[in-house]
Amino acid sequence: MTTIYLIRHAQALGNQEQRFQGSVDRPLSPLGLEQLEYLAPRCRELGARVVYTSPLSRARDTAQAVDRFLKVPVVVMDDLREIHCGDWENQRFADIDRLWPEERRIWKEEPWNYCAPNGESMRQVYDRAVGALRTLEDKHPGQCIAVVCHGCVLRTMFAFARGGLEHFSDRDEWMYNASVSCIEMREGQ
């Protein structure tokens, strides 16, 4: 069994500004930097042998905090990057609601069918995220690792753990910035 701690990046400026950041590389906010000071000691006891991170700076900076006491390799993994949300990139949620009401409805009510205008579909993100989990499971059988990435990617990973993409929810209110969750991957499942 491989234990994977899933960690959402600390608050970034886009989160603070109520923007759909997607693949836009926004830095951490002042609150995000403060969150790192609490996250680092919390991760001390995880026992992770390696920390994998998205290439976006908000995740990489969070991964460095996760590793502050662990002192293990930190590896950038492109498949952990956030959804590319096309025309929604860096748009305020209020503007998305106004400009793309039908697409926003799908995001809220049927997120497994979502595809941003000129962006990546939720199926593409799901396939990429599940592929990353399978790769990590194969690379680290029976070990404990940490993964630092983004809200949409994490929700697809949790949908996988629940049984498939149709279990995706953008209402997982327990998945705040700098939160730590855990899944266990059993060989063959």
Side-chain angles (χ1 to χ4, degrees), residues 6-36 39 52-66 76-133 147-162 164-181 183:
L6 299 172
I7 302 163
R8 187 173 179 199
H9 65 78
Q11 186 190 68
L13 288 176
N15 300 120
Q16 177 185 332
E17 298 166 356
Q18 298 293 299
R19 294 181 182 273
F20 201 127
Q21 293 175 111
S23 62
V24 173
D25 199 5
R26 301 290 310 272
L28 295 177
S29 69
L31 175 60
L33 294 172
E34 185 179 332
Q35 289 172 334
L36 296 183
L39 181 64
Y52 286 90
T53 182
S54 156
L56 298 176
S57 63
R58 59 191 184 265
R60 287 192 337 263
D61 292 346
T62 302
Q64 292 299 324
V66 169
V76 174
M77 187 176 195
D78 191 56
D79 282 346
L80 298 174
R81 72 191 180 284
E82 182 60 299
I83 187 172
H84 182 274
C85 51
D87 296 345
W88 288 18
E89 293 276 309
N90 209 31
Q91 296 287 327
R92 292 185 183 277
F93 287 110
D95 293 333
I96 292 170
D97 288 343
R98 182 176 48 80
L99 295 170
W100 295 281
E102 178 58 16
E103 290 86 349
R104 186 68 165 142
R105 182 198 66 75
I106 292 170
W107 171 265
K108 290 178 180 178
E109 296 174 15
E110 309 167 40
W112 52 89
N113 288 324
Y114 169 78
C115 184
N118 299 308
E120 209 176 0
S121 73
M122 195 61 70
R123 170 57 65 186
Q124 290 170 306
V125 177
Y126 178 84
D127 291 344
R128 176 166 48 85
V130 170
L133 286 175
V147 169
V148 180
C149 56
H150 308 273
C152 186
V153 175
L154 288 170
R155 285 179 173 99
T156 61
M157 290 176 173
F158 286 113
F160 168 70
R162 292 176 184 138
L165 183 56
E166 65 276 8
H167 297 284
F168 180 95
S169 173
D170 74 335
R171 295 181 183 93
D172 289 329
E173 295 188 15
W174 44 265
M175 196 183 338
Y176 297 106
N177 291 110
S179 64
V180 179
S181 303
I183 63 171

Do Val125 and Tyr114 have side-chain heavy atoms sitting under 4.5 Å apart? no
Ser121 OG to Ile83 CD1 distance, which is reported to the nearest 0.5 Å: 7.5 Å
Minimum-distance pair of heavy atoms, taken over all atoms of Ala59 and Cys149: CB-CA, 4.4 Å
Partners meeting salt bridge (charged side-chain N to carboxylate O under 4.0 Å, His left out) with Asp25 (sequence neighbours left out): none
Which residues share a side-chain contact (heavy atoms from CB on, under 4.5 Å) with Ser29, sequence neighbours left out: Gln11, Leu13, Gln16, Leu31
For Ala10 versus Thr62, what's the shortest heavy-atom pair and its separation? N-OG1, 3.0 Å
Could you list the residues that satisfy side-chain contact (heavy atoms from CB on, under 4.5 Å) with Ala129, not counting sequence neighbours? Val153, Thr156, Met157
Flag the pair Leu80 / Thr53 as yes when at least one side-chain heavy-atom distance between them is below 4.5 Å, and no otherwise. no
Looking at Gly22 and Cys85, what are the two nearest heavy atoms and their distance? CA-SG, 3.7 Å
Taking all atoms of both residues into account, what is the closest heavy-atom pair of Ala116 and Gly86, and its distance? CB-N, 4.2 Å
Working to the nearest 0.5 angstrom, can you tell me the gap between Leu154 CG and Ser54 OG? 10.0 Å
Salt bridge (charged side-chain N to carboxylate O under 4.0 Å, His left out) involving Asp61 - partner list, sequence neighbours excluded: none
I want to check something: taking the side chain as every heavy atom from C-beta on, are Asp79 and Arg81 in contact at a cut-off of under 4.5 Å? yes
Hits for side-chain hydrogen bond (donor to acceptor under 3.5 Å, both in side chains) against Arg92, two or more places apart or cross-chain, chain-then-number order -> none
Restricting to side-chain hydrogen bond (donor to acceptor under 3.5 Å, both in side chains), what partner residues turn up for Gln35, sequence neighbours left out? none
Residue set satisfying side-chain contact (heavy atoms from CB on, under 4.5 Å) with Glu110, at least two apart, ordered chain then number -> Arg105, Ile106, Trp112, Asn113
Stepwise, does the side-chain contact (heavy atoms from CB on, under 4.5 Å) test hold for Phe168 with Cys152? CA-CA 9 Å; Phe168 180 95; Cys152 186; 4.3 Å; yes
Does the side chain of His150 reach to within under 4.5 Å of the side chain of Gln21, using non-hydrogen atoms? no
Distance in Å, Met122 CE paired with Leu165 CG, rounded so as to fall on 0.5 Å steps: 7.5 Å
All side-chain hydrogen bond (donor to acceptor under 3.5 Å, both in side chains) counterparts of Tyr52, not counting sequence neighbours: His140
Non-neighbouring partners of Trp100 that pass side-chain contact (heavy atoms from CB on, under 4.5 Å), sequence neighbours left out: Asp87, Trp88, Gln91, Ile96, Glu103, Pro117
Test item: Glu120 side-chain N/O and His84 main-chain N/O as donor-acceptor pair under 3.5 Å: yes
Please report the interatomic distance CZ(Arg104) to CZ(Phe93), rounded to the nearest 0.5 Å. 5.5 Å
4.5 Å side-chain heavy-atom contact, Glu89 and Asn118: no
Contacts of Arg60 that satisfy salt bridge (charged side-chain N to carboxylate O under 4.0 Å, His left out) - sequence neighbours left out: none
side-chain hydrogen bond (donor to acceptor under 3.5 Å, both in side chains) with Arg8: which residues, sequence neighbours excluded? none
Quick check: do Asn15 and His9 have side-chain heavy atoms less than 4.5 Å from each other? yes
Hey, does the side chain of Arg58 reach the backbone of Ala12 with a donor-acceptor pair shorter than 3.5 angstrom? no
Could you state the interatomic distance from CG (Leu28) to CG (Asn177), rounded to the nearest 0.5 Å? 9.0 Å
Salt bridge (charged side-chain N to carboxylate O under 4.0 Å, His left out) pairs touching residues 26-36, sequence neighbours excluded, are Glu17-Arg26
